[in-house]
A.B. asks: 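Below is a structure I'd like to ask you about.
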Amino acid sequence: MNASAVVVAAGKGIRMGHTVNKVYLTIAGKPVLYYSLKAFDEIDWIKEIVVVVSKEEMEYCQENVVKKYIFKKPIKLVEGGSERQYSVYNGITNTKVDCEIIAIHDGARPLIEKETVIKALKEAYLHKAVALGVPVKDTIKVVDGKNFILNTPDRKYLWAIQTPQVFERNLIIKAHQKALEDGFLGTDDTVLVERLGYKVKVVEGDYRNIKITTPEDLIVAEAFLKK
Ligand SMILES: Nc1ccn([C@@H]2O[C@H](COP(=O)(O)OP(=O)(O)OP(=O)(O)O)[C@@H](O)[C@H]2O)c(=O)n1
Ligand SMILES: C[C@](O)(CO)[C@H](O)COP(=O)(O)O
């Protein structure tokens, strides 16, 4: 398989409330982004890693992540956009044209494991579009603007979706282009493929693959890493 990884790290980390972008905060002495890249660097099918970073942090990322740690794969830094979706679009359109499959991952998910990525890549080869996910453990409610419950979806159909999300290259580029044309902004990449009428397969991931979003997530991530 000829695959590329696109790791998005161009956010601002506002919910983390730190002066430094959360992907550069450290867990057990290394930046969050280092761990998010490592699982992809170890997979033979992945031929390159495109890391999407903000213009202001390009040099910082090059010096403090790319050059500082040893990676086997070529790492290309490209500029991000004002929304995650625009950052992803810039990443996927900067992958090599001969790659068949693209795995899109949040730089803020450092606990992703190599075996889980491989499982997603294999499924994407068969189904063209997949997302990692885990069955939700809580009861989920749909709530109105005044905090009154509108309805309670049946939990057996609810999954919390993670990254990586893995797609055939042509399909995901087409899905992003259509979203751009329509002015549609999604919170993940599978929704853009769903809009094209394609079936997306959910592959069971790992509850530990959390997204570092608020300060307590760093404590949880460090605890998992130490285990
Ligand atoms: N314009 C953006 C926004 C987000 N991301 C990336 O998308 C991932 C998931 O987004 P999120 O957790 O929302 O990160 P931030 O946008 O940085 O966080 P916040 O919403 O709290 O500002 C992160 O790795 C983030 O760096 C990005 O590349 N470009
Ligand atoms: C793509 C994602 O990680 C799937 O759970 C998530 O939707 C990103 O959302 P955010 O609003 O950028 O945190």
Side-chain angles (χ1 to χ4, degrees), residues 5-25 27 31-40 49-58 60-61 64-65 75-95 102-112 116-117 120 129-138 140 158-167 172 175-176 179-180 184-195 200-218 220-221:
V6 169
V7 178
V8 285
K12 293 209 172 0
I14 288 166
R15 287 169 286 179
M16 182 57 73
H18 206 286
T19 48
V20 173
N21 178 355
K22 63 189 180 184
V23 300
Y24 303 114
L25 296 176
I27 307 176
V32 167
L33 184 58
Y34 158 79
Y35 297 103
S36 309
L37 298 175
K38 200 165 75 69
F40 296 88
I49 305 176
V50 176
V51 186
V52 187
V53 292
S54 70
K55 195 176 176 185
E56 306 78 53
E57 291 170 349
M58 193 76 77
Y60 184 89
C61 182
N64 294 283
V65 182
I75 295 187
K76 180 175 176 185
L77 298 189
V78 303
E79 211 177 294
S82 57
E83 300 289 341
R84 182 186 181 280
Q85 188 175 308
Y86 305 144
S87 294
V88 171
Y89 183 63
N90 216 20
I92 60 180
T93 50
N94 272 288
T95 54
I102 304 180
I104 302 166
H105 186 58
D106 290 330
R109 289 191 190 264
L111 297 173
I112 185 63
T116 316
V117 180
V130 311
L132 285 181
V134 284
V136 298
K137 295 179 187 177
D138 296 317
I140 305 290
L158 297 176
W159 288 61
I161 296 302
Q162 307 173 339
T163 67
Q165 298 185 353
V166 191
F167 308 92
I172 191 61
H176 268 262
L180 266 180
F184 178 86
L185 209 53
T187 54
D188 79 341
D189 300 292
T190 56
V191 68
L192 311 186
V193 173
E194 291 162 43
R195 293 181 77 245
V200 180
K201 175 101 189 267
V202 177
V203 175
E204 186 146 8
D206 185 340
Y207 285 101
R208 287 170 299 180
N209 181 23
I210 59 166
K211 183 160 69 64
I212 305 290
T213 307
T214 49
E216 63 276 10
D217 296 329
L218 283 171
V220 175

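Numbers here are sequence positions counted from 1. As the structure is a prediction and not an experimental result, all values here were calculated from the model. Order of appearance sets the numbers: ligands from 1, and atoms from 1 within every ligand.
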A.B. asks: Among Ile161, Asp188, Thr190, exactly one meets side-chain contact (heavy atoms from CB on, under 4.5 Å) together with Val200. Which residue is that?
C.D. replies: Thr190
A.B. asks: Ignoring hydrogens and angles, write down the donor-acceptor pairs under 3.5 Å from the side chains of residues 86-93, residues two or more places apart or on other chains.
C.D. replies:
residue: Ser87; atom: OG; partner: Gly81; partner atom: N; Å: 3.0
residue: Tyr89; atom: OH; partner: Gln177; partner atom: NE2; Å: 3.1
residue: Asn90; atom: ND2; partner: Glu79; partner atom: O; Å: 2.5
residue: Thr93; atom: OG1; partner: Tyr89; partner atom: O; Å: 2.7
residue: Thr93; atom: OG1; partner: Asn90; partner atom: O; Å: 3.3

A.B. asks: Please name the pair of heavy atoms, one in Asp189 and one in Gln165, separated by the smallest distance, quoted to 0.1 Å.
C.D. replies: N-OE1, 3.1 Å
A.B. asks: Quick one: does Tyr24's side chain have a donor or acceptor within less than 3.5 Å of a partner on Tyr60's backbone?
C.D. replies: no
A.B. asks: Between Cys61 and Leu33, is there a side-chain heavy-atom distance shorter than 4.5 Å?
C.D. replies: yes
A.B. asks: So which protein residues pack against ligand 1 under 4.0 Å, heavy atoms counted?
C.D. replies: Val8, Ala9, Ala10, Gly11, Lys12, Gly13, Ile14, Arg15, Lys22, Gly81, Ser82, Glu83, Arg84, Ser87, Asp106, Gly107, Ala108, Lys211
A.B. asks: Does a donor on one side chain and an acceptor on the other come within less than 3.5 Å for Glu216 and Thr214?
C.D. replies: yes
A.B. asks: Would a 4.5 Å heavy-atom cut-off, applied to side chains only, mark Thr163 and Ile104 as touching?
C.D. replies: no
A.B. asks: Apply side chain to side chain contact (heavy atoms under 4.5 Å, CB included) to Val203 and list each qualifying residue two or more places apart in sequence or on a separate chain.
C.D. replies: Lys119, Glu123, Val130, Leu132, Lys201
A.B. asks: Have a look at Pro110 and tell me which of Val23, Ile210, Ile27 forms a side-chain contact (heavy atoms from CB on, under 4.5 Å) with it.
C.D. replies: Ile27
A.B. asks: In a simple table, one pair per line, please give the protein and ligand 2 atom names for every N or O pair closer than 3.5 Å, along with the distance.
C.D. replies:
residue: ligand 2; atom: 3 (O); partner: Asp106; partner atom: OD2; Å: 2.5
residue: ligand 2; atom: 3 (O); partner: Arg109; partner atom: NH2; Å: 2.9
residue: ligand 2; atom: 5 (O); partner: Arg109; partner atom: NH2; Å: 3.1
residue: ligand 2; atom: 5 (O); partner: Ile161; partner atom: O; Å: 2.6
residue: ligand 2; atom: 7 (O); partner: Thr187; partner atom: O; Å: 2.6
residue: ligand 2; atom: 13 (O); partner: Arg15; partner atom: NH2; Å: 3.1
residue: ligand 2; atom: 13 (O); partner: Lys211; partner atom: NZ; Å: 2.5

